[in-house]
Amino acid sequence: MQRREDQIVRSLTLAVKELGHEVPSSGVHVEIPAREEHGDYSTNLALLLSKQIGQPPLSIAESLIATEAIRSLPHLVKVEIARPGFINFTLAATHLHELMVEVKEEGRDLFARHDFGDGTRMQLEFVSANPTGPLHIGNGWWASYGDALGRVLERCGYSVTREYYVNDTGGQIRTLGASILARRRGEEPPEGGYLGDYIVEQASRYLGEEDIVEAGKWAAEENLATIQRSLERLNIVFDTWFSQASIEDSGAVANVVDLLFERGAVFENDGALWLRSTEWGDTRDRVLRKSNGDYTYLAGDIAYHYNKFVIRAFDAVIDIFGADHHGQVASMRAAMAALGIDVDRLEIRLGQIVSLESGDQAVKFSKRAGTAVSLDWLVDEVGPSVTRLLALSTSLDRATTINLAEAKERSMENPAYYIQYAHARMAALDRMRSERGIAPAAIDDARELGVLVHPREIRLMREIIALPEVVRLSALERAPHRVTTWLKGLAAAFHGFYHDCPVLMEGISDELVAARLYLVEVARVAIVTGLDLLGVDAPEEM
RNA sequence: GCCCCUGUAGCUCAGCGGAUAGAGCAACUGACUUCUAAUCAGCAGGUCGUAGGUUCGAUUCCUACCGGGGGCGCCA
């Protein structure tokens with residue numbers, strides 16, 4: 001779709017040149033204003049030029065709108081100057097009709113697609129929960145975010161790899177094994193062990209040796225399979241499951257510590273090897289190899305990130321962790337800097353804590369204490385669509401409390417029903433069209449859509465054409481929840497249209513039926529595109 | 001103490017430095033011989049935590065303070 005904004009920017013550029021000025025290098029916006037009185041598009045250009053050339057913005061705006069470049073803008077009905085110095089363009093409905101044809105021709109594959117990602121190889125690491133138990137709801141929230149962000153980035157031309165880092169070795173696996181063995185003996189898990197009920201159940205099925213490592217690995221493998229199934233229920237599929245044990249066994253950890261040593265970033269103290277991370281902005285230095293000779297988790301993670309950036313040479317990496325891993329951020333960035341890796345290639349996004357409201361109390365999740373509410377339980381309760389849309393309704397930066405009663409309601413409280421119902425209505429219209437032997441919507445010329453002038457139709461068309469910009473911003477700001485916000489608006493516009501603009505009822509002209517059917521098809525392209533970006537199904541009927 | 005996130009309507013939350021700050025829910029009122037009312041419409045609800053600063057313009061950016069959440073291991 002040729003974005004109308006770009007067309008207007010080109011005309012404004014010509015207009016500025018016509019007046020003999022330079023276009024400001026940054027800050028110029030052409031946007032769809034929030035208020036309809038402000039027209040279809042609006043620009044702050046005159047306000048910025050005012051600063052640059054020292055003339056009042058209103059008189060600059062006057063000169064601009066008098067130029068040939070502006071007067072000849074396609075579809076232009078009216079151009080107005082507003083208070084501080086905005087220029088507001090009102091276009092004829094024909095500009096919307098034209099764009100509808102473009103969206104329909106692009107279809108689900110091409111509409112709202114961008115190429116600015118330019119094939120950048122980007123790795124997204126997310127979830128990476130230790131296989132010491134089932135995923136909890138917080139994991140599901142951040143998993144939905146990571147997957148949707150990947151979809152948005154892919155639509156903008158990035159080449160995305162989704163990866164899960166599996167902590168299949170080390171102290172937690174031993175603790176897990178010890179907890180299993182204790183339960184099998186009918187005892188309480190040891191101090192610091194895992195207290196969840198699932199451990200008791202697993203212990204009853206463990207037939208192996210009385211060996212904590214063997215028991216731990218057995219349970220971890222089983223847990224990992226469970227985790228994978230939980231994620232697949234949410235439409236989340238990883239490209240790679242990267243084993244921590246594999247990187248340790250390969251000697252890569254020792255190698256990267258050697259490399260850090262060669263670069264002078266390591267020192268010895270109290271029998272341990274330390275990373276001089278304070279030199280790169282960390283609040284304290286970090287242990288890489290303990291005095292007992294074992295490498296720390298951090299050392300393994302550094303080797304893993306070295307593998308991402310140097311061995312596999314991803315152009316950029318986004319790590320998505322829970323806020324409880326905040327402490328790792330400065331250390332990892334320091335380690336990358338110490339290795340001479342451009343720190344800007346590493347982006348770490350932290351998801352704030354998710355809790356569940358049960359009665360009046362918020363339940364905090366702890367896997368060790370066994371109070372984590374499992375993701376599977378929530379998906380059983382409300383289904384995958386509601387889970388994903390709820391997770392993707394708010395910013396990652398906001399700590400959320402899930403209200404189960406509201407999540408189970410089948411109303412607008414639940415964006416999933418509202419949005420999916422809009423799609424089901426579109427699908428129903430198409431079924432009915434087919435049953436009545438009416439040909440699928442087809443238009444040879446945008447002028448055949450000239451009958452679409454009802455305020456409900458206008459609003460729907462305006463919502464549809466906003467998606468490309470929403471997708472662009474979602475990718476740049478790593479904010480897929482913007483797509484959810486847009487979907488709610490689109491669904492609202494469609495429900496309003498559906499209510500006031502009959503498509504297949506008696507007494508409607510053939511021409512209007514054809515145009516409205518076409519509009520419904522275009523709306524369907526848009527809503528399916530949006531839902532797919534979030535990994536949510538578009539049901540034919542509900 | 002230090003670091004990160006957050007404070008917007010009664011509640012849950014949107015809001016790329018722009019114009020009169022928006023949705024849903026809850027409360028109240030209205031619309032079903034229908035293309036599925038899982039919908040639509042109306043009404044009501046705001047010192048955008050507080051105080052400064054930058055700017056033509058600040059809910060948005062900066063600083064300080066106050067409230068809430070999270071993190072500061074030779075755990076992972």
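Below, read A as the first sequence line, B as the second, and so on, with proteins coming before strands; counting in each chain starts at 1. Keep in mind that this is a model prediction, so the values were computed, not measured.
In this structure, CD of A:Glu463 is placed 12 Å from C1' of B:G22, rounded to the nearest angstrom. In this structure, A:Leu288 atom CG and B:C75 atom P are separated by 13 Å, rounded to whole Å. In this structure, NE2 of A:His495 is placed 6 Å from C1' of B:U39, rounded to the nearest angstrom. Here B:U20 presents its P atom at 8 Å from NE2 of A:His38, a figure rounded to the nearest Å. Atom P of nucleotide B:A38 and atom CD1 of A:Ile419 are separated by 17 Å, given to the nearest angstrom. For A:Arg289 and B:C74, the CZ to C1' distance is 12 Å, given to the nearest whole Å. In this structure, A:Leu350 atom CG and B:G70 atom P are separated by 15 Å, rounded to whole Å. The interatomic distance linking A:Asp282 (CG) with B:C3 (C1') rounds to 10 Å, in whole Å.
Contacts of A:Asp270 with the nucleic acid, taken as non-hydrogen atoms under 4.0 Å apart, include base atoms. The residue A:Gly170 sits apart from the nucleic acid: no heavy atom pair falls under 4.0 Å. Using a 4.0 Å heavy-atom distance criterion, A:Gln328 is classed as a base contact. Counting non-hydrogen atoms under 4.0 angstrom, A:Met542 reaches a base of the nucleic acid. Residue contacts for A:Thr485: at a heavy-atom cut-off of 4.0 Å it reaches the sugar-phosphate backbone alone, with no base atom in range. Counting non-hydrogen atoms under 4.0 angstrom, A:Arg482 reaches the backbone sugars and phosphates but no base. Residue-level contact check: A:Gln420 touches neither bases nor backbone, having no heavy atom under 4.0 Å from any strand. At the heavy-atom level, A:Asn167 lies under 4.0 Å from the strands shown only through sugar-phosphate atoms.
Taking the C1' atoms as reference points, B:C56 lies 12 Å from B:G17, given to the whole Å. Taking atom C1' on both B:U50 and B:G18, the two are 24 Å apart, rounded to the nearest angstrom. Comparing B:U6 with B:C13, their P atoms are spaced 13 Å from each other, to the whole Å. Separation of the C1' atoms belonging to B:A14 and B:U60 is 13 Å when rounded to the nearest angstrom. Using C1' as the reference atom, B:A76 and B:G71 are 14 Å apart when rounded to the nearest Å. When the P atom is compared between B:U20 and B:A58, the two are found 11 Å apart, to the nearest whole Å. Spacing of P atoms, B:G30 relative to B:C5, comes out at 49 Å, to the nearest Å. B:C28 sits 34 Å from B:G67 when the C1' atoms are compared, rounded to a whole Å.
Under the ring pair (Phe, Tyr, Trp, His ring centres under 6.0 Å) criterion, the residue pairs touching residues 493-513 of chain A are A:Tyr418-A:His495, A:Tyr421-A:His495, A:Phe494-A:Phe497, with sequence neighbours excluded. Residue pairs satisfying the ring pair (Phe, Tyr, Trp, His ring centres under 6.0 Å) criterion with at least one member in residues 23-42 of chain A, sequence neighbours excluded, are listed as follows: A:Tyr41-A:His95.
Lacking a ring centre under 5.5 Å from that of the base six-membered ring together with a plane angle below 30°, A:His481 does not count as stacked on B:A14.
Picking from B:G70, B:G18, B:C35 the nucleotide with the shortest atom distance to the side chain of A:Phe86 gives B:G18. With distances taken from any side-chain atom of A:Lys290 to the nucleotides B:A14, B:C75, B:C16, the minimum falls on B:C75. For A:Asp324, whose side chain is taken as the heavy atoms from C-beta onward, the closest listed nucleotide among B:G70, B:C13, B:C16 is B:G70. Ranking B:A19, B:U36, B:G71 by closeness to the A:Ala82 side chain, first place goes to B:A19. Distances from the side chain of A:Thr283 to the nucleotides B:C2, B:U36, B:G70 place B:C2 closest. Comparing B:U36, B:C40, B:C16 against the side chain of A:Ala428 picks out B:U36 as the nearest. Which of B:C40, B:C13, B:C16 sits closest to the side chain of A:His29 comes down to B:C16. Candidate nucleotides B:C35, B:C16, B:A19 were compared by shortest atom distance to the side chain of A:Val503, and B:C35 ranks first. Out of B:U39, B:G18, B:A14, the shortest distance to the side chain of A:Arg425 is found at B:U39. Checking B:C16, B:U36, B:G69 against every side-chain atom of A:Ala424, the shortest atom distance belongs to B:U36.
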Contact list (N/O, under 3.5 angstrom) for nucleotides 53-60 of chain B vs protein:
none

Provide a list of protein-nucleic acid N or O atom pairs under 3.5 angstrom, restricted to nucleotides 6-9 of chain B.
residue: B:G7; atom: OP1; partner: A:Arg398; partner atom: NH2; Å: 3.1

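More than 12 heavy atoms of other residues, nucleotides or ligands sit less than 6.0 Å from atom CZ of A:Phe321. More than 12 heavy-atom neighbours from other residues, nucleotides or ligands sit within 6.0 angstrom of CD on A:Glu477.
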A:Arg462 and A:Asp40: salt bridge (Lys or Arg N to Asp or Glu O under 4.0 Å), yes or no, with the steps?
CA-CA 9 Å; A:Arg462 285 171 64 126; A:Asp40 294 290; 2.9 Å; yes

Working note: A:Tyr304 + A:Glu163, criterion side chain to side chain donor-acceptor pair (under 3.5 Å); need CA distance, chi angles, decisive distance, verdict.
CA-CA 12 Å; A:Tyr304 174 45; A:Glu163 189 156 308; 2.7 Å; yes

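Residues A:Asn307 and A:Ile247 are in side-chain contact: their nearest non-hydrogen atoms beyond the backbone lie under 4.5 Å apart. When side chains are defined from C-beta on, A:Leu195 counts as touching A:Pro189, because their heavy atoms get closer than 4.5 Å. Side chains of A:Val166 and A:Pro131 form a contact here, defined as non-hydrogen atoms less than 4.5 Å apart. Counting only heavy atoms from C-beta outward, the side chains of A:Leu49 and A:Pro24 approach each other to under 4.5 Å. Side-chain contact between A:Leu45 and A:Phe86 is absent, with no heavy-atom pair separated by less than 4.5 Å.
Note on A:Arg284: a side-chain N or O is less than 4.0 Å away from OP1 or OP2 of B:C74. The shortest distance between the side-chain N/O atoms of A:Arg456 and the OP1/OP2 oxygens of B:A41 is below 4.0 Å. An OP1 or OP2 oxygen of B:C40 is reached within less than 4.0 angstrom by a side-chain nitrogen or oxygen of A:Tyr418.
The backbone N or O of A:Asn167 sits nowhere less than 3.5 Å from a side-chain atom of A:Tyr297 that would complete a donor-acceptor pair. In this structure, A:Asn414 contributes its side chain and A:Leu390 its backbone to no donor-acceptor pair below 3.5 Å.
Checking each of A:Asp301, A:Asp285, A:Asp282, A:Thr283 against A:Ser331 for a side-chain hydrogen bond (donor to acceptor under 3.5 Å, both in side chains) leaves exactly one that passes, namely A:Asp282.
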N/O donor-acceptor pairs under 3.5 Å from side chains in residues 503-514 of chain A, not counting sequence neighbours:
residue: A:Ser509; atom: OG; partner: A:Leu512; partner atom: N; Å: 3.1

Under a cut-off of 3.5 Å for both distances of each Watson-Crick or G-U pair, what dot-bracket string does RNA chain B give, using [ ] for crossing pairs and | for inter-strand pairs?
(((((((..((((....[...))))..((((.......))))......(((((..]....))))))))))))....

